[in-house]
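Counting starts at 1 for both ligands and their atoms, following the listed order. Computed from heavy atoms alone, side chains included, the values below leave out hydrogens, waters and symmetry copies. If you read the sequence from its start, that first residue is 1, and numbering goes on from there.
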Amino acid sequence: EKDGHDWFMRKEIFEQPRAVADSLLGRRSRSGALQLDEMRLSDQELRDIDKIIIIAAGTSFYAGLVAKYAIEHWCRIPVEVELSSEFRYRDPILDYSTLVVAISQSGETADTLQAIRHARTQRSKVLAICNTNGSTIPRESDAVIYTHAGPEIGVASTKGFLTQLVACYLLALYLAQVKGTRFGDEINQVLQQLESMPDHISAVLEKSEQVYDLAREHVDSRSVLFLGRHAGYPVALEGALKLKELAYLHAEGFAAGELKHGPIALIEQDMPVLCVVPPRGRDQLHDKMISGIQEVRARGARTVCLAEEGDSSIEPYADVLITLPRVPVLLQPLVAVVPLQLFACELATAKGHDVDQPRNLAKSVTVE
Ligand code: M6R
């Protein structure tokens, strides 16, 4: 049942190319336009939306953070991302023109369920992004986009996360199509890029041995930091969460630009810092990230850099370089998070932990 893997989690990591491909299936109409069958909200209802609030917990919350970058960029709609457990308690401003997007792999997370119930009392429309057919959250939502990860057994979410990202990109592109903020050609181009992601993810999985060696070298680390920028920032947060959950290790993710505002004081000799380097582009993101990496290295950090292939500018500052396929910055989380999942899985295995059933955690958190 684990397909020869030691853990369900490892099996599920390796299923990700398939899970992403399945989540993209059947999303185009005959004319080539993007279609979302279970959308259930009319084009007019979607055009009336002037604000989106994404609510989710844990890993699903990080998918929501990536979604914010995509939706704001492609659709020019303001997006807030909020932890489900905090949402109701701050008197959020909601009305019929607010779309609340609830992201939940299980569809049963109590905090998220209570948050959508609150949103509906305020007349907001609720769209669920969910992996579990017929679960409570999609049943209580106005619309749903199902991810097609298949059952996720490992407590740590992996393929659930990647397919949530796909659903978020599809939602963003669909809104752009309906609202006319992007042309069909551009939407089509991104869809094609998404369709090539399963191959890119497979290419990253082929490097698993390199990541496993790295994980085993760090089995005695006391603390691991993760840095990212832009869509790589939620990836850094997710890398840290995986390590906390599975290896019971102190790990934190930071936006690289925040280093100098405090976290750089944490850096000690040989502290591992895993850095998600944005692709080279027209903006200064990539170069700013490199200067952040230089700063931590100058203070003794051991830098592990995840950067696109051919990016030689990173080489002088990377103690370890893990290359990623060349993909656009918004889609980079789909490939960049994979080595971080493998790293946490292997480090926890090396420590002798139960990777599928980490201590103190449950697969779905049905209490508030
Ligand atoms: O089922 P959900 O997506 O609503 O679950 C949310 C979190 O409980 C979940 O992502 C949790 O953080 C995972 N254990 C992360 O690996």
Original post:
Which bit of K363 is near ligand 1, meaning a heavy atom under 4.0 Å away: side chain, backbone, both or neither?
Top reply: neither
Subject >> Taking atom 14 (N) of ligand 1 as the reference point, the nearest protein heavy atom with its distance >> reply: E245 OE2, 2.6 Å
Original post:
So, T132 side chain and Q105 main chain: donor-acceptor pair closer than 3.5 Å or not?
Top reply: yes
Subject >> Between CD1 on residue I54 and OG on residue S60, distance to nearest 0.5 Å >> reply: 11.5 Å
Original post:
Are S364 and ligand 1 in contact, using a heavy-atom cut-off of under 4.0 Å?
Top reply: no
Original post:
CZ of R299 to CD1 of I267: how many Å apart, nearest 0.5 Å?
Top reply: 8.5 Å
**OP:** Starting from atom 7 (C) of ligand 1, find the nearest protein heavy-atom neighbour and note its residue, name and distance.
**Re:** A57 O, 3.6 Å
Original post:
Nearest protein heavy atom to atom 8 (O) of ligand 1, by residue and atom, and its distance?
Top reply: V365 CG2, 4.1 Å
**OP:** Mark yes when over 12 heavy atoms from residues, nucleotides or ligands other than Q192 sit less than 6.0 Å from its CD; otherwise mark no.
**Re:** yes
Original post:
Which heavy atom of the protein is the closest neighbour of atom 4 (O) of ligand 1, given with residue, atom name and distance?
Top reply: T109 OG1, 2.5 Å
Subject >> Subset of ligand 1 atoms that lie under 4.0 Å from at least one heavy atom of V155 >> reply: 13 (C), 14 (N), 16 (O)
Original post:
Are there more than 12 heavy atoms of other residues, nucleotides or ligands under 6.0 Å from atom CZ of R216?
Top reply: yes
Subject >> Per-atom contacts of ligand 1 with K242, taking only distances under 4.0 Å to non-hydrogen atoms >> reply: 15 (C), 16 (O)
Original post:
How far is atom 1 (O) of ligand 1 from its nearest protein heavy atom, and which residue and atom is that?
Top reply: S106 OG, 2.7 Å
Original post:
Among side-chain atoms of D311 and S313, is any donor-acceptor pair under 3.5 angstrom?
Top reply: yes
Original post:
Which residue owns the protein heavy atom closest to atom 9 (C) of ligand 1, what's the atom, and how far is it?
Top reply: T59 N, 4.1 Å
Subject >> Enumerated ligand 1 atoms positioned under 4.0 Å from heavy atoms of S157 >> reply: 15 (C), 16 (O)
Subject >> Euclidean distance, S124 OG relative to I93 CD1, rounded to 0.5 Å >> reply: 11.5 Å
Original post:
If you measure from NZ on K2 to NE2 on H5, what distance do you get to the nearest 0.5 Å?
Top reply: 11.0 Å
Subject >> Proximal ligand 1 atoms for S104, defined as those under 4.0 Å from one of its heavy atoms >> reply: 1 (O), 2 (P), 3 (O), 4 (O)
